[in-house]
Amino acid sequence: MNTSYKERIARRLTWVTALIFSLVFLLIYLVANFTVVRNIDRELQLEVDKHKGEIFLVDGKIRFLYLNEWKQMEHTQLQLNPIFIEIVDLEGNSMDRSPNLGENHLTFSPEKAKAEEAWTQKIGSREVRQRQIPLLNAGKQEGYLLLAKSFEDSRELLDNLRNVLLLIYPLILVSLYLSMRYLAGKSIEPLEKISLKTNLITQQNLNERVPETGTNDEIGQLTRAINSLLGRLEQAMQREKQFTSDASHELRTPLAVLRGTLEVLIRKPRSAEEYETKVKTALVSIDRMSAMLDQLLALARVENGKNLVKEELELITFLEELADKITEEQAQPIQFQSLVGVPIYVATHEKSLEMILQNLLENAVKYSQPGGEVILRVGKEREAFIEVVDSGSGIASEYLEQIFDPFFRVQEALDHGIPGTGLGLAIVKKLAQESSIRLSVSSEKGKGSTFRLDFNETS
Ligand code: ADP
């Protein structure tokens with residue numbers, strides 16, 4: 001069953017309050033009961049003390065110390081809070097009793113007499129507290145004096161208290177439940193507004209935001225969290241759109257060249273040399289497109305291949321071999337330098353690290369004069385680091401952030417016709433992120449660049 005949140009809050013609070021109130025009310029009733037009974041028992045004890053010295057049993061006969069007083073005493077009539085008295089022999093046979101008892105007798109209980117305690121019972125229709133004390137004659141027990149005091153007033157008080165408590169108990173719970181429901185409803189009103197607004201936001205109006213409350217409470221924090229999520233989503237969507245449009249644009253250029261070249265070729269018969277030149281131009285366009293598609297595929301693979309498995313790798317041997325391999329491929333010497341004399345171990349994904357360094361080293365060669373110095377350096381400060389240093393064209397400081405964006409190429413690279421897709425550093429950045437490697441660059445226009453990879457403690 002789908003119970004609303006405010007309903008659940010109200011119900012839970014009501015349950016807890018019901019439990020607390022029932023315990024408190026029970027305690028109030030028990031304390032009142034205990035106090036009332038104790039007071040009656042005290043009065044009964046006073047009566048016991050008084051009558052113990054006034055009534056005796058001598059050889060089976062009752063003797064009163066103050067007979068006249070006894071006859072005028074309260075227990076002759078039915079008063080508001082009367083005392084009932086009965087004298088019995090050892091077997092419990094009644095010998096005399098106060099007139100206010102009428103036809104009734106008090107209960108005989110030698111065990112209670114021994115325990116010297118009072119008990120509650122009924123005589124006729126009346127409820128009383130009773131005591132039973134032995135009557136002694138010269139140290140020998142000859143019977144019992146039974147004394148009882150009416151419990152009616154106290155019972156009425158206790159019953160009234162119980163009724164009031166039983167009546168206000170459900171009243172408290174019902175009013176608490178209703179006010180809790182109302183207050184809970186009021187408190188979650190902003191949440192309902194937030195979900196209403198969030199439901200209306202789609203891909204088409206991703207620029208809209210949930211109205212902020214301006215407070216720093218939980219609702220304010222939730223609103224800000226949702227808005228910042230929307231902001232990130234919007235940016236991601238924009239990047240996605242930008243990427244798709246850039247990719248189509250980049251592919252369109254070589255395609256247009258290819259189409260133009262082929263159109264020119266079929267217009268009229270050409271000489272063998274002309275055919276060769278045009279086909280070569282077409283092949284360059286095809287190479288450019290296939291290089292770009294390779295890079296796009298590589299980028300897509302990085303994005304899909306989250307949670308790369310890391311393994312321990314010894315950097316010095318690995319980098320030395322890599323430097324040799326790139327030297328052969330690029331036909332340009334890569335100098336390897338190790339700043340420490342002992343092996344350096346890191347936990348990393350070897351293939352990703354290789355791809356990162358391959359891109360950085362190829363760029364270092366590409367953007368340097370032929371024969372320019374390219375260094376692959378490894379060292380350890382607090383953690384291991386790798387640097388790719390070149391003394392090539394360098395990058396102007398305003399482009400240092402942008403070079404990692406997909407398809408971004410510095411105009412100079414375009415002007416000088418240096419081949420490239422603008423995707424290499426975007427791939428490097430993604431791979432570094434996936435491998436938890438910190439990537440940074442420092443560069444000076446005309447002097448050269450240094451790309452640095454810092455392994456953190458967990459990498
Ligand atoms: P690509 O090299 O294919 O153009 P990258 O993403 O690898 O694409 O590089 C982006 C841009 O950053 C390059 O076009 C170039 O202008 C600049 N760049 C990258 N590496 C270097 C470097 N070592 N020296 C100078 N410029 C560089």
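Numbering of residues begins at 1 and proceeds along the displayed sequence. Just so you know, ligand 1 is whichever comes first in the structure, and atom 1 is the first atom listed for that ligand. Computed from a prediction, not measured in an experiment: that's the story for all the values here.
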Enquirer: Do the side chain of Asn205 and the main chain of Leu200 share a donor and acceptor less than 3.5 angstrom apart?
Expert: yes
Enquirer: What is the closest protein heavy atom to atom 4 (O) of ligand 1, and at what distance does it sit?
Expert: Arg409 NE, 2.5 Å
Enquirer: Using a 6.0 Å cut-off, check whether atom NZ of Lys197 has over 12 heavy atoms from anything other than its own residue.
Expert: yes
Enquirer: May I ask you to say whether Glu7 pairs ionically with Arg11, meaning some side-chain N is under 4.0 Å from a carboxylate O?
Expert: yes
Enquirer: Does a side-chain N-to-carboxylate-O contact under 4.0 Å join Glu354 and Lys325?
Expert: yes
Enquirer: Using a 4.0 Å cutoff against the non-hydrogen atoms of Gly420, which atoms of ligand 1 qualify?
Expert: 3 (O)
Enquirer: Can a salt bridge be assigned to the pair Glu263 and Arg259 using a cut-off of 4.0 Å between side-chain N and carboxylate O?
Expert: yes
Enquirer: Looking only at non-hydrogen atoms, which of Leu361, Ile403, Asn363 approaches atom 12 (O) of ligand 1 most closely?
Expert: Ile403
Enquirer: Does Glu444 reach the main-chain N or O of Lys447 with its side chain, forming a donor-acceptor pair under 3.5 Å?
Expert: no
Enquirer: Can you tell me if Phe21 has over 12 outside heavy atoms packed within less than 6.0 Å of its CZ?
Expert: no
Enquirer: Non-hydrogen atoms of Gly422 versus ligand 1: any pair closer than 4.0 Å?
Expert: yes
Enquirer: Using a strict threshold of under 4.0 Å (side-chain N to carboxylate O), is an ion pair present between Lys6 and Glu192?
Expert: no
Enquirer: With heavy atoms under 4.0 Å as the rule, classify the contact between Asp390 and ligand 1 as side chain, backbone, both or neither.
Expert: side chain
Enquirer: With a cut-off of 4.0 Å, which atoms of ligand 1 are near a heavy atom of Gly394?
Expert: 25 (C)
Enquirer: Looking only at protein heavy atoms, identify the closest one to atom 3 (O) of ligand 1 and say how far it is in Å.
Expert: Thr421 N, 2.8 Å
Enquirer: Any idea which atoms of ligand 1 are less than 4.0 Å away from a heavy-atom of Ser449?
Expert: 24 (N)
Enquirer: What residue and atom, counting heavy atoms only, is the protein's closest point to atom 26 (N) of ligand 1, and at what distance?
Expert: Ile395 CG1, 3.3 Å
Enquirer: Taking only Lys NZ, Arg NE, NH1 and NH2, and the carboxylate oxygens of Asp or Glu, determine whether Lys280 and Glu276 approach each other closer than 4.0 Å.
Expert: yes
Enquirer: Quick one: look up the protein heavy atom nearest atom 5 (P) of ligand 1 and list residue, atom name and how far away it is.
Expert: Leu425 N, 3.6 Å
Enquirer: At under 4.0 Å between heavy atoms, which part of Glu412 makes contact with ligand 1: side chain, backbone, both or neither?
Expert: neither
Enquirer: Within the structure, does Ser393 bring an N/O atom to less than 3.5 angstrom of an N/O atom in ligand 1?
Expert: no
Enquirer: In the structure I gave you, are the side-chain heavy atoms of Trp15 and Arg12 within less than 4.5 Å of one another anywhere?
Expert: no
Enquirer: Which protein heavy atom lies closest to atom 11 (C) of ligand 1, and at what distance to 0.1 Å?
Expert: Phe408 O, 3.8 Å
Enquirer: Enumerate the atoms of ligand 1 whose separation from the nearest heavy atom of Val410 is less than 4.0 angstrom.
Expert: 14 (O), 16 (O)
Enquirer: So if I count the atoms of ligand 1 from 1 in the order they appear, which ones are less than 4.0 Å from some heavy atom of Lys366?
Expert: 1 (P), 2 (O), 3 (O)
Enquirer: Assess whether a salt bridge exists between Asp41 and Arg38, defined as any Lys/Arg side-chain N lying under 4.0 Å from an Asp/Glu carboxylate O.
Expert: no
Enquirer: Considering only the protein, which heavy-atom contact is closest to atom 24 (N) of ligand 1, and what is its distance?
Expert: Tyr367 CB, 3.4 Å
Enquirer: Give the contacting part of Phe404 toward ligand 1: side chain, backbone, both or neither, where contact means a heavy-atom distance below 4.0 Å.
Expert: neither
